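Written out below as structure tokens is the structure these notes cover.
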Amino acid sequence: MSISEKEKELLKGLANNDKEAIEAIYRDNYNLIQNLIINNNGSEDDARDVFQEALIVLYEKSKTESFELNCQIRTYVYSVCRRIWLKKLQYAKRFESQVEFLEDTVPVEEDLEVHDKLSHQYGIMRSAMGKIGEPCKSLLEAFYVHHKNMIEIASFFGYTNADNAKNQKYKCLMRLKKLFFAQYKNGN
Amino acid sequence: MDHILLLEAVERYLRGEMNDEEKRSFEDMRKSNPELDQMVVEHHFFLGEMDRYGEIKRFKANLYDTHHTLQENGEIKEVNSSSSGKIAYLWNRYRRIVAVAASIAGITALLISGLTVAFSPKAPIRDIEELRRKVTYLEKKTNSQSLQINDVRKKIEPGTPIKFGGTSFLVDSKGYLVTSAHVIQDATRIFVQNNDGQDFKASIIYTDLEKDLAILHIEDEDFKNPGSLPYSIGRSSTELAEPVFTLGYPKDEIVYGEGYLSAKTGMKGDTMAYQISISANPGNSGGPVLNKNGEVIGILNARQTTAEGVVFAIKSKNIHRVVDEMKKKDSSQHIKLSSNTNLKGMDRVQQVKKIEDCVYMVKVVLK
């Protein structure tokens with residue numbers, strides 16, 4: 001089953017983190033997932049978390065080179081959400097009443113395994129970032145996440161010149177790397 | 001300071017910001033200095049992680065904004081969280097008690113239903129809806145007007161409480177009819193009404209509750225033997241997907257319906273019945289199910305209330321069995337089931353025209 005041109009466009013947009021595409025996918029699918037979660041012992045917050053995680057899975061998938069979706073976005077998102085939610089229910093031992101899932105699903109186990117690994121690494125980076133404290137965190141994020149140049153950063157953070165900012169950035173980066181690799185090596 | 005410059009060089013190299021000459025000399029340095037090489041590899045990995053971290057962070061921020069926007073526009077359905085939260089809370093708090101109570105209730109219910117089944121007369125399965133029709137007093141009133149006009153035909157005194165309606169059809173032109181046993185259950189008197197609205201007195205001559213079949217006989221001097229019946233009562237089984245049709249009285253006039261055979265067994269694999277996909281309503285019970293050649297293949301008796309268009313029909317070979325059993329017990333009745341069809345190859349309208357005179361409404365007077 002091939003997917004429509006419109007869906008292909010949406011997926012391209014999603015891979016580029018395009019706001020309109022995200023909004024369209026969100027609008028088309030969120031209520032379905034919310035119903036699914038709420039009808040199965042979940043809350044609104046659970047629904048939002050599960051849905052957003054599923055979109056991250058799709059985002060990660062859409063960025064890979066060999067990316068190909070063999071079903072509708074709706075089916076894929078539904079399948080991922082179902083899998084994630086079943087896992088959470090089992091984890092929380094809330095899996096007591098009959099769980100009802102009415103829509104078609106596709107196998108997503110492999111994608112979720114990839115996602116779990118990636119999200120583990122993301123978690124390590126986030127926790128390392130949390131530990132280095134401010135202003136290191138903002139400084140590094142300005143350079144590495146928002147791709148600002150050193151002159152902008154220097155003026156934004158109030159350094160007298162770019163070299164001082166660079167010096168500070170270097171110190172911060174060394175701390176971050178140390179924290180990151182310590183956890184990364186422990187984790188693996 | 002050296003370290004800072006070195007790191008900057010590594011980053012520029014990794015980002016492809018060096019010109020060719022710089023790049024060549026940097027690569028030579030990498031080759032001769034394993035420490036630098038290791039640093040490049042490590043930093044490459046780290047920057048990759050950093051990039052991904054940034055991407056996901058931006059993506060998450062986008063998701064968060066989108067959620068917020070859609071929620072403000074009312075495009076995300078509001079859930080009554082206070083009540084569901086409360087229910088969830090109560091559920092979490094009392095689920096153990098609820099579980100115990102539910103299992104006690106369950107056991108009690110099973111026990112009671114077990115006792116009920118053991119001590120009560122055998123009744124048709126209750127989670128299916130039998131298709132006999134409740135004829136209300138109101139309908140009776142409108143009916144009585146036409147009955148007054150046609151006084152000669154009137155057999156039922158006005159005011160007689162008629163409770164249930166069903167359908168029956170002739171299986172022998174001498175006035176023998178077949179219907180569902182549940183249609184005539186608890187009846188004191190029975191009338192059958194033909195397609196012209198004429199009533200005839202009838203009596204029950206045999207019932208088989210297990211097969212849900214009953215044989216009636218018209219005992220009325222106004223009844224004229226039609227000679228031969230247009231359809232036959234089939235003996236062989238029918239194939240899946242075979243188109244079928246039925247005639248019956250879900251209302252005060254005859255109604256035609258068509259469908260197909262959807263399974264060779266009935267409710268819960270009951271081999272005595274077929275499953276048919278057809279539109280049927282209360283009042284269709286006892287109606288004949290015919291195939292395109294004009295063979296009666298079954299008698300409609302129930303529909304599943306939990307599903308749409310699932311109707312069950314007792315297989316017609318059971319009519320043969322019931323007649324055989326009856327003959328053993330009571331040799332005074334000489335039923336000869338119709339075995340020839342003269343409807344083959346006719347179009348449906350012509351077929352129905354011939355059959356409709358042989359299909360009767362059953363009116364039951366209760367105690």
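For clarity, every value in this text was computed on a predicted model and none was experimentally measured. So you know, we letter chains A, B, ... as the sequences are listed, proteins then strands, and number each from 1.
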Segment of [X] engaging chain B (4.5 angstrom heavy-atom cut-off):
X      : value
A:Y122 : both
A:K171 : neither
A:F51  : neither
A:L173 : side chain

Looking at [X], I'd like to know if its [atom1] atom is crowded, meaning that more than 12 non-hydrogen atoms belonging to other residues, nucleotides or ligands lie closer than 6.0 Å.
X      : atom1 : value
A:E109 : CD    : yes
B:Y64  : OH    : no
A:I151 : CD1   : no
A:E134 : CD    : yes
B:H68  : NE2   : no
B:K23  : NZ    : no

Is [X] close to chain A through its backbone or its side chain, or both, or neither, when contacts mean heavy atoms under 4.5 Å?
X     : result
B:F45 : side chain
B:E42 : both
B:D51 : side chain

Any ion pair linking B:E11 and A:K166 (charged N to carboxylate O, less than 4.0 Å)?
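The answer is no: the pair does not qualify as a salt bridge.
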Please work out whether the ring planes of [X] and [Y] are parallel, tilted or perpendicular, with thresholds of 30° and 60°.
X      : Y      : answer
B:F46  : A:F180 : perpendicular
B:H67  : A:Y30  : perpendicular
A:Y144 : B:H43  : perpendicular

Apply the test side chain to side chain contact (heavy atoms under 4.5 Å, CB included) to residues B:T69 and A:Y26: give CA-CA distance (whole Å), side-chain angles for both, the deciding distance (0.1 Å), then the verdict.
CA-CA 11 Å; B:T69 316; A:Y26 219 104; over 6 Å; no
Are B:Y53 and A:Q121 close enough, and set up right, to give a side chain to side chain donor-acceptor pair (under 3.5 Å), and what steps lead you there?
CA-CA 9 Å; B:Y53 170 79; A:Q121 289 173 12; over 6 Å; no
Is there a side-chain contact between B:E55 and A:V145 in this structure, where contact means two heavy atoms from C-beta onward sitting under 4.5 Å apart?
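Not touching, per the 4.5 Å side-chain cut-off.
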Can a donor-acceptor pair be found, under 3.5 Å and without considering hydrogens, that links the side chain of B:N62 to the backbone of A:D18?
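Here the side-chain-to-backbone pair does not exist.
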So, the side chain of A:R126 versus the backbone of B:K57: is there a donor-acceptor pair under 3.5 Å, distance only?
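Not at all, since once roles are kept as given, no pair shorter than 3.5 Å links the two residues.
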Greatest number of heavy atom pairs closer than 4.5 Å to chain B - which of A:K63, A:K169, A:H147, A:M174
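Maximum pair count with chain B is reached by A:K63.
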Among A:I56, A:N35, A:N31, which residue has the highest count of heavy-atom pairs closer than 4.5 Å to chain B?
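Most heavy-atom pairs under 4.5 Å with chain B: A:N31.
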Got a second to check how far A:K177's NZ is from B:M50's CE, nearest 0.5 Å?
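Spacing of NZ (A:K177) from CE (B:M50) equals 10.0 Å.
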Return the CG to CD1 distance between A:L118 and B:I56, rounded to the nearest 0.5 Å.
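Nearest 0.5 Å value for the CG-CD1 distance: 7.5 Å.
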So A:R27 and B:T66, side chain to side chain contact (heavy atoms under 4.5 Å, CB included) or not? Walk me through it.
CA-CA 9 Å; A:R27 193 180 294 123; B:T66 306; over 6 Å; no
State, to 0.1 Å, how close A:E23 and B:L70 come at their nearest heavy-atom pair, and which atoms those are.
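Residues A:E23 and B:L70, closest heavy atoms: CG-CD2, 4.1 Å.
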